[in-house]
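Labels below follow one simple rule: chain letters A, B, ... track the order of the sequence lines, proteins then strands, and each chain is numbered from 1.
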Protein chains: 2
Amino acid sequence: MEYLAMNELGLADQHGSFRGRMGRKRTSYDETGGYKSKNLHAERRRREKLSNRLLTLRALVPIITNMNKGTIIEDAITYIQELKKNVEVLTDMLQEMEASSSEEEIKKRVNGIDASEEMKQCGIKEDVQVSNIEGDKLWIKIILEKKRGGFARLMEKMACFGLELTDSNVTTSKGAMLVTACVEGAFGDNLTVQQTKELLTQIIKGI
Amino acid sequence: MEYLAMNELGLADQHGSFRGRMGRKRTSYDETGGYKSKNLHAERRRREKLSNRLLTLRALVPIITNMNKGTIIEDAITYIQELKKNVEVLTDMLQEMEASSSEEEIKKRVNGIDASEEMKQCGIKEDVQVSNIEGDKLWIKIILEKKRGGFARLMEKMACFGLELTDSNVTTSKGAMLVTACVEGAFGDNLTVQQTKELLTQIIKGI
DNA sequence: CGGCACACGTGAATC
DNA sequence: TGATTCACGTGTGCC
């Protein structure tokens, strides 16, 4: 019996067949002695499977140059290379993004350059000075690392300890913040100059 | 003349040949009448080229299941699908990263949730009130959007206009900041209540 | 042994 | 027409 084969690829091809090749008659071996190779059918199945694989591969590759078996594989090769490069580039970009959006970086972008480092470079150190002025009033001078909202937090904390500021003044420069103010102790003026200094020193550690 | 062919793929294979197939003798057509199909050599070249393509494709795919022609293509297919998914995922991650590291986001991460929006939700609006108290002193009340360092900037700007604060108080709640203070005009008290209010309104716009 | 995978040479179809 | 591509059936080696 003769085997009338449709173009294997053409049958399932969704993008258009290889070429418009039609089915072909093949020489039958029945006429000579009825012999047929045992693996004839197996070979047909194998070819069919291979063609289908090739076809699905074709469907995955977007760039179509030609519908040849060879160019299908060729395109697949270039496409894989493209994808590999894409993955590489994207991975690099992602790593860069992750590095630049770390907490460290955010801090820097908000506070400008690192205040602590700038202070070091300029030879400025944190400092607290407290001295008496008229009566029960204290005059304080605090140098601390410049931070956004630092002054507000400082005032909050001082208020928590009953320290009320009058005639306060804030200046920031070279990564440092200088606060001078007059202070009245609210707890019946029961803090000495030294105690106040120690208290303030503790406070600015938490700013 | 007979054509003794080595396994095409086996010859150039760097990962090991398909199978250990040896060369084979093919039936020569010289013995019958010296006929040879014209495209015999062309076909040989074609097959060789195709096998080489298949081989380079094989070299690109990292996962090796089997060295069959079919499985080569199969692996290539799954590999391409993997790469595609990788690209997709990476692209998504990158977009997410870009979105989350925009200025808008940084602001939010620094200030907590969006202060402006919270104020809206709570029905709080920016406001400036100025009124006279004893003599040449003014009492002011300012409601503005809460921002890190906002109070410090406010005081800086007010100082620029010669406004000195005494008995100032700051409270923040629901995305808003409430500042109350006593003010003394430094320019010879030459600002009326209304002028001071307008000045403060302008100032808080730039905070 | 049978099944499998392959390369081969060939006729046919397409450009 | 000539060049190229394809599917086919087969022989053969390997497991």
Polar pair under 3.5 Å, donor/acceptor by atom type, side chain [X], base [N]:
X	N	value
A:Glu43	C:dC4	no
B:Arg47	C:dG9	yes
B:Asn39	C:dG9	no

Exercise for review: Side-chain contact test, heavy atoms from C-beta onward, threshold under 4.5 Å: evaluate it for A:Ile142 versus A:Gln129 and give yes or no.
Suggested key: no

Review point. Is the closest side-chain heavy-atom distance between A:Leu154 and A:Met177 below 4.5 Å?
Key: no

Who pairs with [X] by side chain to side chain contact (heavy atoms under 4.5 Å, CB included), at least two apart in sequence or on another chain?
X	result
A:Asn86	B:Val87
B:Ser131	B:Trp139
B:Gln121	B:Glu117

Could you tell me how far apart [X] ([atom1]) and [N] ([atom2]) are, to the nearest whole angstrom?
X	N	atom1	atom2	answer
A:Asn66	C:dT14	CG	P	16 Å
A:Leu50	C:dC4	CG	P	15 Å
A:Arg45	C:dC6	CZ	P	15 Å
A:Arg53	C:dC6	CZ	C1'	16 Å
B:His41	C:dG9	NE2	C1'	11 Å

Practice item. Map A:Arg46 and B:Arg46 onto DNA chain C by nearest heavy atom, then report which one ends up closer to the 5' terminus. Key: A:Arg46

Check your understanding: Does a side-chain N or O from B:Lys49 land closer than 4.0 Å to OP1 or OP2 of D:dT4, or not?
Key -> no

Review point. Under 4.0 Å between a side-chain N/O of A:Arg44 and OP1 or OP2 of D:dA7, yes or no?
Key: no

Revision key, fill the gap. Testing C:dG9, D:dG9, D:dC6 for proximity to the side chain of A:Leu40, the answer is D:dG9

**Study point:** Terminal axis angle for the helix from C:dG2-D:dC15 to C:dC15-D:dG2, five pairs an end, nearest 10 degrees
**Key:** 0°

Check your understanding: Which pairs pass salt bridge (charged side-chain N to carboxylate O under 4.0 Å, His left out) with one or both residues in residues 194-207 of chain B, sequence neighbours excluded?
Key -> none

Review point. Who passes salt bridge (Lys or Arg N to Asp or Glu O under 4.0 Å) against A:Arg53, sequence neighbours left out?
Key: B:Glu74

